[in-house]
Amino acid sequence: MWAYFLRRLLSLIPVLLGITLVVFCFLHLIPGDPVVAMLGERATPDQIAATRQQLGLDQPLSLQYLTFLSRLLRLDLGHSLISGIPVIEDLKGRWPATFELTIVTLLLALCLGIPMGILAAVFQHRWPDRLTLVGSLLGASFPVYWLGLLLIYLFAIYLQWLPPSGRLSTDLGLRFQPITGFYLVDAVLKRDLSLLLDTLAHLVLPALTLGTVPLAVLARMTRTALLDTLSQTYISTARAKGLPEVLVILRHGLKNALLPIVTVIGLQFGTLLGGAILTETIFAWPGIGSWLYDGILARDYPVVLNGVVIVSTTFVMINIAVDLTYAWIDPRIQQQ
């Protein structure tokens with residue numbers, strides 16, 4: 001297993017280098033001058049030239065790219081051009097917010113999507129199956145921004161059951177000192193029930209908005225994979241031996257249908273990490289998605305470059321975890 005893990009890890013080096021090169025090139029193709037964005041329209045040409053030289057932006061692009069790689073290898077992420085805050089400090093504050101939202105969203109999709117897919121496969125062509133298919137079609141079709149605004153209007157403004165934005169209520173936020181940055185974990189560590197409930201209340205609407213698409217995809221994939229497995233001859237053999245239907249479905253059917261489901265889970269996890277920009281903007285969620293969006297608008301090169309590289313690296317590591325899960329479920333994969 002360790003040799004397989006090492007091979008997969010080494011194969012990712014060119015992938016990461018390619019990601020950094022593509023992000024660097026695309027970022028420099030964005031119209032506009034970051035120095036003008038930083039100094040303002042009233043800056044003199046001398047001030048602009050001096051600042052560009054100070055930041056190294058007057059160097060050839062190839063030299064700028066090599067300098068960026070060199071600093072990245074030394075974990076020196078630089079400072080934001082606009083705020084002057086070290087990028088690593090911004091990441092420390094915003095990464096847990098996005099990661100916590102992603103984990104809760106994925107758990108929600110797993111807890112609802114997989115059981116829905118199992119029911120749809122077991123009761124094929126009956127009302128649970130039709131209900132799951134219609135629900136998954138609607139879930140995959142709803143635009144995220146439209147669903148988010150609809151949920152805010154219904155549950156936050158009209159019914160006033162849930163908060164419309166942020167990670168904490170104002171009174172709790174003023175006196176709260178985070179430990180890990182993951183508020184659910186901090187609430188448990190502090191043994192603060194009111195903090196835990198308030199954090200959960202703020203997570204409900206963003207997680208529902210972000211989770212509709214992965215929930216729909218997981219339900220459909222579970223249904224398809226399980227139907228394919230249940231049509232195999234070894235399932236008929238298991239039934240002929242007199243095993244209870246629940247054991248046949250869960251032990252023999254679902255276990256052998258896990259590979260495509262794990263693939264979807266890994267892809268959806270990465271997509272949620274990188275695609276939470278709209279949700280974070282709608283719900284004023286202080287995560288990495290809204291931070292990158294602001295960085296792109298301001299042409300803040302260090303923020304966008306390092307932020308995208310960190311998100312991409314996490315996505316790649318999730319893919320490695322998925323591959324290791326493959327090898328654990330089916331050891332024959334290690335030999336290929």
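As the structure is a prediction and not an experimental result, all values here were calculated from the model. For the single chain, residues carry numbers from 1 onward in sequence order.
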Has [X] got a side-chain atom pairing as donor or acceptor with [Y]'s backbone, closer than 3.5 angstrom?
{"X": "Thr98", "Y": "Ile288", "result": "yes"}
{"X": "Thr222", "Y": "Ala219", "result": "no"}
{"X": "Thr132", "Y": "Pro128", "result": "yes"}
{"X": "Ser70", "Y": "Leu66", "result": "no"}
{"X": "Gln47", "Y": "Thr44", "result": "yes"}
{"X": "Trp285", "Y": "Ala97", "result": "yes"}
{"X": "Asp228", "Y": "Thr224", "result": "no"}
{"X": "Gln64", "Y": "Gln59", "result": "yes"}

Answer yes or no: are there more than 12 heavy-atom neighbours, outside Tyr234 itself, under 6.0 Å from its atom OH?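 Enclosed.
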Flag if over 12 foreign heavy atoms under 6.0 Å of OH, Tyr65: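 Enclosed.
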Below 3.5 Å, can you tabulate the donor-acceptor pairs from side chains in residues 105-127 to any protein atom, sequence neighbours excluded?
residue: Thr105; atom: OG1; partner: Leu101; partner atom: O; Å: 2.7

Taking a hydrophobic cluster as the set of Ile, Leu, Val, Met, Phe, Trp and Tyr residues connected by side-chain heavy atoms closer than 4.5 Å, whether directly or through intermediates, do Trp146 and Leu208 fall within one such cluster?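 Per the 4.5 Å side-chain linkage, Trp146 and Leu208 are co-clustered.
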Only pairs at least two apart or in different chains count here, so list each side-chain hydrogen bond (donor to acceptor under 3.5 Å, both in side chains) that has a residue in residues 180-193.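 As it turns out, the side-chain hydrogen bond (donor to acceptor under 3.5 Å, both in side chains) pairs with a partner in residues 180-193, which skip direct neighbours, are Thr180-Asp186, Asp192-Ser194.
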Residue list, ring pair (Phe, Tyr, Trp, His ring centres under 6.0 Å) with Phe315, at least two apart or on another chain: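 Testing Phe315 for ring pair (Phe, Tyr, Trp, His ring centres under 6.0 Å), a comparison that skips the adjacent residues, returns none.
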Under the rule for ring pair (Phe, Tyr, Trp, His ring centres under 6.0 Å), what residues qualify as partners of Tyr301, not counting sequence neighbours?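 His28.
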Using a 4.5 Å cut-off between side-chain heavy atoms of Ile, Leu, Val, Met, Phe, Trp and Tyr, which other residues end up in the same hydrophobic cluster as Leu75?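 Leu75 shares its hydrophobic cluster with no other residue.
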Just how far is it from atom [atom1] of [X] to atom [atom2] of [Y], taken to the nearest 0.5 Å?
{"X": "Asp294", "Y": "Asp300", "atom1": "CG", "atom2": "CG", "value": "10.0 Å"}
{"X": "His202", "Y": "Phe283", "atom1": "NE2", "atom2": "CZ", "value": "11.5 Å"}
{"X": "Leu137", "Y": "Arg220", "atom1": "CG", "atom2": "CZ", "value": "6.0 Å"}
{"X": "Leu162", "Y": "Ile157", "atom1": "CG", "atom2": "CD1", "value": "12.5 Å"}
{"X": "Leu149", "Y": "Leu205", "atom1": "CG", "atom2": "CG", "value": "11.5 Å"}
{"X": "Trp291", "Y": "Ile296", "atom1": "CH2", "atom2": "CD1", "value": "11.0 Å"}

Closest heavy-atom pair and its distance - Val104, Ala207: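 Minimum heavy-atom contact is CG1-CB, 4.0 Å.
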Compare every heavy atom of Ser290 with every heavy atom of Glu280, then report the nearest pair and how far apart it is.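 Nearest pair, atom of Glu280 first, then Ser290: OE1-N, 2.8 Å.
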Take Leu17 and Leu69, measure what side chain to side chain contact (heavy atoms under 4.5 Å, CB included) needs, and give me the verdict at the end. CA-CA 9 Å; Leu17 279 175; Leu69 280 185; 4.1 Å; yes
For [range], pull every pair meeting salt bridge (charged side-chain N to carboxylate O under 4.0 Å, His left out), keeping only residues two or more places apart or in separate chains.
{"range": "residues 243-272", "answer": "Arg239-Glu245"}
{"range": "residues 140-154", "answer": "none"}
{"range": "residues 94-114", "answer": "Glu100-Arg167"}
{"range": "residues 155-164", "answer": "none"}

Quick one: side chains of residues 210-217, donor-acceptor pairs under 3.5 Å with protein atoms, not counting sequence neighbours, listed by atom name and distance.
residue: Thr212; atom: OG1; partner: Thr209; partner atom: O; Å: 3.3

Looking at residues at least two apart in the chain, or sitting in another chain, which of them share a salt bridge (charged side-chain N to carboxylate O under 4.0 Å, His left out) with Asp198?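 Residues passing salt bridge (charged side-chain N to carboxylate O under 4.0 Å, His left out) with Asp198: none at all.
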For Asp76, all residues meeting salt bridge (charged side-chain N to carboxylate O under 4.0 Å, His left out), sequence neighbours excluded: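 Expected list: Arg71.
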Determine, step by step, whether Leu61 and Phe24 satisfy the side chain to side chain contact (heavy atoms under 4.5 Å, CB included) criterion, reporting the C-alpha distance in whole Å, the side-chain angles of both residues, the deciding distance to 0.1 Å, and the verdict. CA-CA 9 Å; Leu61 286 180; Phe24 183 85; 4.3 Å; yes
